[in-house]
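Proteins come first, then strands; the chains are lettered A, B, ... in the order of their sequence lines, and each starts at number 1.
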Amino acid sequence: MTTDWISIPLVALPLVSSIAILAFVAYASPAARDRMGPSVRMATLIFSLLMLVLTTAMFLGSNFIEGTKDWASLSFGSFNYDFRYVWIESLGIHWSVGMDALSFPMVWLTTFLLPVTIVATWNEKNAAIYFPLVLMMGGALIGVFVALDLFMFYVFWELTLIPMFFLILKWGGYDRKYASQKFFIYTFAASVIMLLGLVTVYFLQPENLSYAGAWTGRTFDIPTLTAHAQSANAGGAWFLGESLQKILFVMLMIGFLVKLPSVPFHTWLPDAHVQAPTGGSMLLAGVMLKMGAYGMFRLPLAFFPHAAEHFQFWLMAFGMVSLVWGAVVCLGQTNLKKMVAYSSVSHMGVILIGIATMQPLGWAAALFMMFAHGIISPMLFAVCGAFKHHYHSMEIGSMRGMAKHSPWLATSMMFGWMASLGLPLLAGFVAELMMFLALWHFLSAEGWSVLWMVGPALVLALTAAYYLWSMQRTIFEGGDETQPPESLNGQPVPDIGDAEKVAMLILAAFTILFGIMPWIALDMMNGWTVAFFETLLVPILGGA
Amino acid sequence: MERIEPFSEGFVLALAPEFVLIVGLFTLMIVPNMGDAKFRLPLTQVRIPWLLGGKRRNLDSDPRLPGLLATVFFTISFGLAAASFVSGMTRTQIVTPSGTIMLQIDEFSRMFELIFFGALALASAASVNRLPATARSDRSLNGLYNNRRQVDFYILLITTGLGMAVVALAQDLFMLFIGLELASFSTYVLVSFMKESKAGTEAGMKYFIVGSVASGVGLYGLSLLYLWSGSLQFTDLSAAFAENGMEPLPLIALGMLLVGFGFKVSAAPFHFAAPDAYAGAIAPVAGVLATASKAMGVLGLLRILLTIASPEATDGSAVWLVGLGVLSAITMTWGNLAALGSTNPKRMLAYSSVAHAGYMLAAITAIGALNWEEGHIDMSNDAALVVVTALIFHLTVLVCFKLGAFLVLSLLESEKGGHTLESLGGLAKRDPFLAVAMFIFMMSLAGVPPLSGFVSKLLVIMGIVKAALLDVTVNSELVFGDIHWVWFLALLMIINSAISVFYYLRVGLVMYFHDPEEGREGSLPKGTPVRFAIIACLITTVYFGVGAGQLIALCESAANALIGAW
């Protein structure tokens, strides 16, 4: 590979351009800042569209970008567009990027959501600062997914917090101060524990693996460490020894479970979501939560498969509790956005269950869920945002008969709700069906109790219940009279604007596309999970 | 190793940065007193310009002149010290004719001089507009006095720098203490320099009393060491420790010395004066206390714990290990918890400085945990190198962001703010650049990547973890229980830095979220020199994070010079 397709166009471009714009804007007078808004917005849209074009070309493969290896048949441990620069030589830190079928869907999703987010929140106030922050967020998120170096991974992992902190703080709801602080501290605390785990792994590895630091003799390189862990784990031996592997697994998982989030650690999410502006929520739910699941695949599962198997019950239990608890809490919500936030918790439970099956099918289901939820949940939050923006209220019962006076919003809402509850032919259904199959297969193969199925079955009903109920109360009830929300103070009820319609239509189109033709994304995910399973786990676990 | 006798050839060149400061000292005394005075030769009409006194001209009566001069001299010293790094370091010892090694110039001492001079240069630039000054048109006696105070302030800053430089260079406990006292006494006065404010005077008093008691205890320890070994030379002392360092007398003496330097790094339980001193002093001086003065304390600790009572000498596990470990745990936790509750940003920074002292003590503890038995020495040396490098790196970048934060507060102080968190309110609206700078400094203090604060924290954690895992990695069987307990210091440090995010973020929240206090809606005072200093801090804060490699290499060579001394 001769051209570095990732570092400059996908990571440096959004980060550098957004910081440059912000630095420029910070010196402008408030009036000039307002004048700059539209052109800044257009610039960020163009940048993000360029990135989308590039990642789509990457998806289309070697016809468009020379040397692209086929995503679905990429062998485990090999990467497309991998590139490496020395960063801090003495410690073995590299700027090392590359994508495989685990990270590529997430990168594509990020570049897809960026322009959609920009369009969906076209009229956000303080545009000259808001849109660069969104772009910066995108760059940081892509950095997390393409990083193949632990140091770089951690740097971007934490970097995502800063633009999101400001998005919540400056454009958030009434309690934004509390929410942004909680969001930052909660996830930061979890990730420093992860950091200690990573540093411990760093020093426990044997000296002089490839790309080792000149001075410490250790490496931060993820593929190297994975390959080493694989050989050290082979034949019933435990990489780093049994007790250490378990403890390090837990330390890394704390970072990822909080980010995901899984139930006992989820409390930051509803607060952050409810207070975050629409664009922030869309990126937060769409991509940022998936960082947790992505990280689980990339690090603890790859490094510590024995420990993962040891803690399988707990992973399953956490997933199950998230799934059920998220759905139950949804039933009781009166705030539209909070309900959607808890439904995210519930869906993240699905991902965790998929991971806990420790089987290719379950993992593929988890990967597809990450992807599908990444398209659907931004739509849900776009609907919530439009709701808030036009009706100045989030209360579910505050208005009736929306179908009458705001048909576009009502349709989008209905579509989003249906997609999220797993209507067949929409993307969410594929993921949920796969998860059911994987779970069933897992339970029967491993001889676990069938009672584990009760949770998911119950949640199917609960999800349908809370979505349909909220829909009934806002869209249909009230009949011809309709009841506009009191918060409008008798003004005429507006429908959503053109930019919002475009964003909704794009999201809906892709939800349908991936629902009808899931193999577009699913093929490469299947390829990756099978390769991951066969190269990494079969030799270790002796075939499950 | 080159050996030079005082005032022989090459002596001035070897100590060029210090001599520049001495020249600066005299310049500061002379230049502001220059006037058009003439001296008439007796019995003639010939008047020879004498220049000292008389009617002063515009330039030399400018109250900003001393500050700018001091900045220039500190910068020159900094440049010279840096140049000696670049031009290939020749290690040099200053030896008296009788063979006593007084000073040693090596990478380690030069690196610390860079820290001291850098911090002092920034601080003196920042305080140019900070002292009560009188317009140059005012030729009254009061105006003259005020402008005289300017001179005194910078003279004290320069003597602080000289004292610190001597501490860095000293190879003899006596020299070490002379330097320490020179720097300490200067800072006592600097803290209470604003005699107009009650808080400043009280702070100076407290700082002086506690500081002099700590120094006294240290001095007593020093005399005990002298009583025990008959020499104050580092080389002699470390040889004596290697022979019979486990006797009670030297151990007691060591503990007393630790008190002296523990006060300087503001380690618990010697930290009580620090928050008062920081809050009472003007912000640039508080910044010096938190960075340069703390670096001096760590330097002293390293000299005493590593050079004199080297862990190698004390047979496997260092005698001071457990005590220091407990102390570091208490220090970091106490500092963070106290910072959580403080509403004065300077007190908050003071407590965060206490917490940072805890992190650094934890790192020093890790060195003590190393195993120095046969067969382990190479690896232990490696690990110690990582730890000392991390410490030096931490102290260096602390000058960037901690001093930077104090400088931002200094700008607020010049409009009588900066003592309450609320006075930062609306800074984002009033001065977006300052708010961004302050936010970046806070994030760096919290250890958020990719800023230099993150790299320094990572390095310290790496050092501790490496030291803790050394025994484990030697054996092929990896068991969690075998990990040395200093690993848990790293864990505690992690937990503490998670707690600390709360109060660092709070500053950001106030700046971006709260409205300006009444009477503070307008823009901030201009203060060009401070702003330049803040920009310098900002650039280095980011640069040493993203491009940490070079600084790490520098710190490593410095650490090598210390470890090599074993």
- Message: I need the residue from K170(A), R176(A), E89(A) with the largest number of non-hydrogen atom pairs under 4.5 Å to chain B.
- Response: R176(A)
- Item | Non-hydrogen side-chain atoms of V199(A) and K466(B) separated by less than 4.5 Å | no
- Task: Can you sort out the partners of R430(B) under salt bridge (Lys or Arg N to Asp or Glu O under 4.0 Å), two or more places apart, ordered by chain and number?
- Result: E415(B)
- Query: Can you tell if the side chain of E158(A) reaches within under 4.5 Å of the side chain of M443(B), non-hydrogen atoms only?
  - Reply: no
- Message: Please classify the contact of F502(B) with chain A as side chain, backbone, both or neither, using a heavy-atom distance under 4.5 Å.
- Response: both
- Tabulate, in ascending numerical order, the residues of residues 179-192 of chain A having at least one heavy atom closer than 4.5 Å to a heavy atom of chain B, or enter 'none'. S180(A), Q181(A), F184(A), I185(A), F188(A), A189(A), V192(A)
- Message: Counting C-beta onward and ignoring hydrogens, is there a side-chain heavy-atom pair between L159(A) and P449(B) closer than 4.5 Å?
- Response: no
- Any residue meeting salt bridge (Lys or Arg N to Asp or Glu O under 4.0 Å) with R84(A), in chain and number order, not counting sequence neighbours: D221(A)
- Message: At a 4.5 Å cut-off on heavy atoms, which part of F156(A) comes close to chain B: side chain, backbone, both, or neither?
- Response: neither
Identify every side-chain donor-acceptor pair in residues 136-143 of chain A under 3.5 Å, counting partners at least two apart or on other chains, and give the distances.
none

- Item | Heavy-atom check, side chain of I464(B) versus side chain of F203(A), under 4.5 Å | no
- Quick one: do the T389(B) and W215(A) side chains pair a donor with an acceptor below 3.5 Å? no
- Query: In terms of the angle between their ring planes, are F439(B) and F165(A) parallel, tilted or perpendicular, with boundaries placed at 30° and 60°?
  - Reply: parallel
- The interface call for I162(A) against chain B, heavy-atom contacts under 4.5 Å, is side chain
- Can you tell me if W487(B) uses its side chain to pair, donor with acceptor, with the backbone of T200(A) under 3.5 Å? no
- Per-residue contact mode, I495(B) against chain A (heavy atom under 4.5 angstrom): neither
